Amino acid sequence: MTADELSAQITALTRERDLYLRLLHLGREEDVAQLLREALGLMVALGGARQGYIELHDNDTASATPQWWIAHGFSAEEIDGVRSAISGGIIAEALATGQTIVTPSALCDPRFSAHDSVRLGKIEAVLCAPIGEDPPRGVVYLQGPATAELFSECGRQRGEIFALHLAPFVDRLLARQ
């Protein structure tokens with residue numbers, strides 16, 4: 001193993017350790033809005049995503065409007081339209097199937113290329129992981145650039161682990177409200 005490979009491996013392990021430590025600290029949060037801010041900031045930084053979004057639904061995930069949501073990486077003008085700017089089709093599929101969606105280009109992906117939100121937003125690389133299971137409570141959505149780390153199998157696994165472990169924190173806070 002070369003020195004550069006060893007250094008890259010150490011960096012990756014350090015980032016993964018930091019992810020899990022920060023995830024543990026999220027469990028101490030007492031406010032839903034602050035939890036979502038911290039969680040989204042963590043995932044955007046970890047994945048090197050340009051934009052990110054988290055939405056949570058009440059127990060009824062069939063509702064079109066999430067009860068809570070937060071976005072990162074959108075201009076002030078885009079914030080009001082952020083939920084229409086990202087792909088409802090991708091999010092809807094993650095919620096309906098309970099499966100993580102990973103695509104290097106939603107524009108070229110036959111599952112999503114026909115959606116207006118994908119074409120209008122020119123959506124390329126996406127990782128969208130459901131929060132919780134049976135049924136999912138919401139999603140963590142990360143969009144471009146298509147870095148090898150974010151959209152690799154390892155990146156998928158990190159996103160899924162993060163979203164799965166975020167769910168009990170969300171449930172705990174929502175039960176208090």
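For this chain, numbers begin at 1 and follow the sequence in order. Because the structure is predicted, anything quoted here is derived from the model rather than measured.
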Check: Hey, what do you get for CD (Glu29) to CD (Gln34), rounding to the nearest 0.5 Å?
Finding: 5.0 Å
Item checked: Leu174 vs Val32, side chain to side chain contact (heavy atoms under 4.5 Å, CB included): CA-CA, chis, key distance, verdict -> CA-CA 7 Å; Leu174 297 182; Val32 174; 3.8 Å; yes
Checklist line | Steps toward salt bridge (Lys or Arg N to Asp or Glu O under 4.0 Å) verdict (Glu55, Arg137) | finding: CA-CA 8 Å; Glu55 72 177 36; Arg137 163 85 67 178; over 6 Å; no
Margin query: Starting from Leu6 and following side-chain heavy-atom contacts under 4.5 Å between hydrophobic residues (I, L, V, M, F, W, Y), which residues can be reached?
Written below: Met1, Ile10
Next item on the list: Could you pull out all residues at least two apart from Glu5 that satisfy salt bridge (Lys or Arg N to Asp or Glu O under 4.0 Å)?
Entry: none
Notebook entry, point to check: Atom OH in Tyr20, atom NE2 in His25: separation rounded to 0.5 Å?
Noted result: 15.5 Å
Check: Which pairs, with at least one residue in residues 114-131 and sequence neighbours excluded, count as a salt bridge (charged side-chain N to carboxylate O under 4.0 Å, His left out)?
Finding: Asp116-Arg119
Notebook entry, point to check: Looking at side-chain heavy atoms only, is the closest gap between Tyr53 and Pro66 below 4.5 Å?
Noted result: yes
Checklist line | Contact check, side chains of Leu35 and Leu173, non-hydrogen atoms, under 4.5 Å | finding: yes
Notebook entry, point to check: Can you tell me how far CH2 of Trp69 sits from CG of Leu36, rounded to the nearest 0.5 angstrom?
Noted result: 11.5 Å
Next item on the list: List the steps and the verdict of side chain to side chain contact (heavy atoms under 4.5 Å, CB included) for Phe112 and Ile101.
Entry: CA-CA 11 Å; Phe112 309 114; Ile101 307 297; 3.6 Å; yes
Notebook entry, point to check: Who passes side-chain contact (heavy atoms from CB on, under 4.5 Å) against Val44, sequence neighbours left out?
Noted result: Leu40, His72, Leu142
Item checked: Closest non-hydrogen atom pair between Ala94 and Val139, with its separation -> CB-CG1, 4.1 Å
Notebook entry, point to check: Heavy atoms, side chains only, cut-off 4.5 Å: are Arg22 and Arg17 in contact?
Noted result: no
Check: Rounded to the nearest 0.5 Å, how far apart are CG of Leu95 and CD1 of Ile90?
Finding: 12.0 Å
Check: What distance do Leu166 atom CG and Leu56 atom CG have between them, rounded to the nearest 0.5 Å?
Finding: 7.0 Å
Item checked: Audit row: Ile161, His165, side chain to side chain contact (heavy atoms under 4.5 Å, CB included) steps and yes/no -> CA-CA 6 Å; Ile161 288 169; His165 286 84; 3.7 Å; yes
Next item on the list: Answer yes if the side chains of Gln143 and Tyr141 hold a donor-acceptor pair under 3.5 Å, and no otherwise.
Entry: yes
Checklist line | With Cys108, the side-chain contact (heavy atoms from CB on, under 4.5 Å) member among Ser105, Pro104, Pro110 | finding: Ser105
Next item on the list: Mind running side chain to side chain contact (heavy atoms under 4.5 Å, CB included) on Cys128 and Ile91 for me, showing each step along the way?
Entry: CA-CA 7 Å; Cys128 184; Ile91 290 172; 4.1 Å; yes
Note to self: Treating Thr11 as the side-chain partner and Ser7 as the backbone partner, does any N or O pair qualify as donor plus acceptor under 3.5 Å?
What the structure shows: yes
Checklist line | Non-neighbouring partners of Leu164 that pass side-chain contact (heavy atoms from CB on, under 4.5 Å), sequence neighbours left out | finding: Glu133
Notebook entry, point to check: Among pairs that include at least one residue of residues 37-53, which meet salt bridge (charged side-chain N to carboxylate O under 4.0 Å, His left out), considering only residues two or more places apart or in two chains?
Noted result: none
Notebook entry, point to check: Roughly how far apart are Thr103 OG1 and Ile123 CD1, rounded to 0.5 Å?
Noted result: 10.5 Å
Notebook entry, point to check: Considering only heavy atoms from C-beta outward, does the side chain of Leu42 approach that of Asp18 to under 4.5 Å?
Noted result: no
Checklist line | Residues that, via side-chain heavy atoms closer than 4.5 angstrom, fall in one hydrophobic cluster with Leu21 | finding: none
Checklist line | Pairing residues for Ala129 by the side-chain contact (heavy atoms from CB on, under 4.5 Å) criterion, not counting sequence neighbours | finding: Thr100, Leu127, Ala163
Next item on the list: Apply side-chain contact (heavy atoms from CB on, under 4.5 Å) to Thr97 and list each qualifying residue two or more places apart in sequence or on a separate chain.
Entry: Glu93, Gln99
